[in-house]
Asks: 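Provided herewith is a single structure, encoded as structure tokens, for subsequent inquiry.
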Amino acid sequence: AALAGYSLGPLRDVTVNLRTASVCRLDPHIDPLADGPNGFVLTLLSGTVLTFSPIESMRKDPRRATDPALFGMRSFTDDDVDCLCRRRALVHF
């Protein structure tokens, strides 16, 4: 079913991340272009943080962007934008 005024296209991909006793972390990645320009995150039982990192900044210091000991203390880059998603929230990007 389409939402009036929102041309989102067909649903292409659904990913469910379930955690019961530990942290669920997705490493930086670029979604396939075929997935389209719209992304959604729906949080249910817990909140999460989405970190948006410019590709150019990640390429400047790839070790920092891929080493959990480094990005855990300083984020992936100095140019990151963090989005706090509370429990039971929907984020569209």
Side-chain angles (χ1 to χ4, degrees):
L3 293 172
Y6 294 94
S7 178
L8 299 176
L11 179 63
R12 178 169 151 59
D13 184 35
V14 174
T15 302
V16 176
N17 298 307
L18 175 67
R19 65 180 171 154
T20 57
S22 65
V23 173
C24 179
R25 184 189 92 223
L26 295 175
D27 289 329
H29 65 280
I30 299 172
D31 291 326
L33 287 176
D35 284 356
N38 295 289
F40 293 88
V41 172
L42 174 63
T43 60
L44 297 175
L45 300 176
S46 66
T48 191
V49 175
L50 296 176
T51 301
F52 297 92
S53 304
I55 294 171
E56 299 80 18
S57 298
M58 293 184 74
R59 287 183 177 147
K60 287 179 189 174
D61 192 354
R63 182 169 173 259
R64 175 177 168 183
T66 57
D67 184 341
L70 295 175
F71 67 67
M73 298 301 294
R74 297 177 47 216
S75 199
F76 301 102
T77 77
D78 291 334
D79 301 317
D80 293 345
V81 173
D82 291 328
C83 176
L84 174 62
C85 308
R86 298 186 184 273
R87 183 171 60 102
R88 294 188 310 247
L90 176 65
V91 179
H92 172 226
F93 54 93

Asks: Other hydrophobic cluster members with Ile30, side-chain heavy atoms of Ile/Leu/Val/Met/Phe/Trp/Tyr under 4.5 Å, chained?
Replies: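 Ile30 clusters with Ile55.
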
Asks: Would you compute the distance between atom CG of Asp31 and atom OG1 of Thr15 and round it to the nearest 0.5 angstrom?
Replies: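 Rounded to the nearest 0.5 Å, the CG-OG1 separation comes out at 8.0 Å.
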
Asks: If you look only at distance, which donor and acceptor atoms sit under 3.5 Å apart when one is on a side chain in residues 81-90 and the other is two or more places apart or in another chain?
Replies:
| from | atom 1 | to | atom 2 | distance (Å) |
| --- | --- | --- | --- | --- |
| Asp82 | OD1 | Thr51 | OG1 | 2.8 |

Asks: Using the salt bridge (charged side-chain N to carboxylate O under 4.0 Å, His left out) rule, collect all pairs that involve residues 42-54, keeping only residues at least two apart or in two chains.
Replies: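 Output for this query is empty, none listed.
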
Asks: Nearest 0.5 Å, please: how far is CZ in Arg12 from CG in Asn38?
Replies: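 The CG atom of Asn38 sits 13.5 Å away from the CZ atom of Arg12.
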
Asks: How many angstroms lie between CG in Asn17 and OG in Ser46, if you round to the nearest 0.5 Å?
Replies: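 Atom-to-atom, Asn17:CG and Ser46:OG are 10.0 Å apart.
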
Asks: For Pro62, which residues count as a side-chain contact (heavy atoms from CB on, under 4.5 Å) partner, sequence neighbours excluded?
Replies: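 side-chain contact (heavy atoms from CB on, under 4.5 Å) list for Pro62, sorted by chain: empty.
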
Asks: Among the clusters formed by ILVMFWY side chains lying less than 4.5 Å apart, do Val91 and Leu42 turn up in the same one?
Replies: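 Looking at the clustering, Leu42 is in a separate group from Val91.
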
Asks: With a 4.5 Å heavy-atom cut-off, do Val41 and Phe93 have their side chains touching?
Replies: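 When only atoms from C-beta onward are counted, Phe93 and Val41 do touch, with a gap below 4.5 Å.
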
Asks: Report the relative orientation of the aromatic rings in Phe76 and Phe71; use parallel for angles under 30°, tilted for 30 to 60°, perpendicular for over 60°.
Replies: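 Rings of Phe76 and Phe71: tilted, 30 to 60°.
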
Asks: What residues, two or more places apart in sequence or in another chain, satisfy side-chain hydrogen bond (donor to acceptor under 3.5 Å, both in side chains) together with Thr66?
Replies: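 side-chain hydrogen bond (donor to acceptor under 3.5 Å, both in side chains) check on Thr66 returns nothing, list empty.
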
Asks: Does any pair with a residue in residues 58-69 pass salt bridge (charged side-chain N to carboxylate O under 4.0 Å, His left out), and if so which ones, sequence neighbours excluded?
Replies: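 Matches after skipping sequence neighbours: Arg63-Asp67, Arg64-Asp78.
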
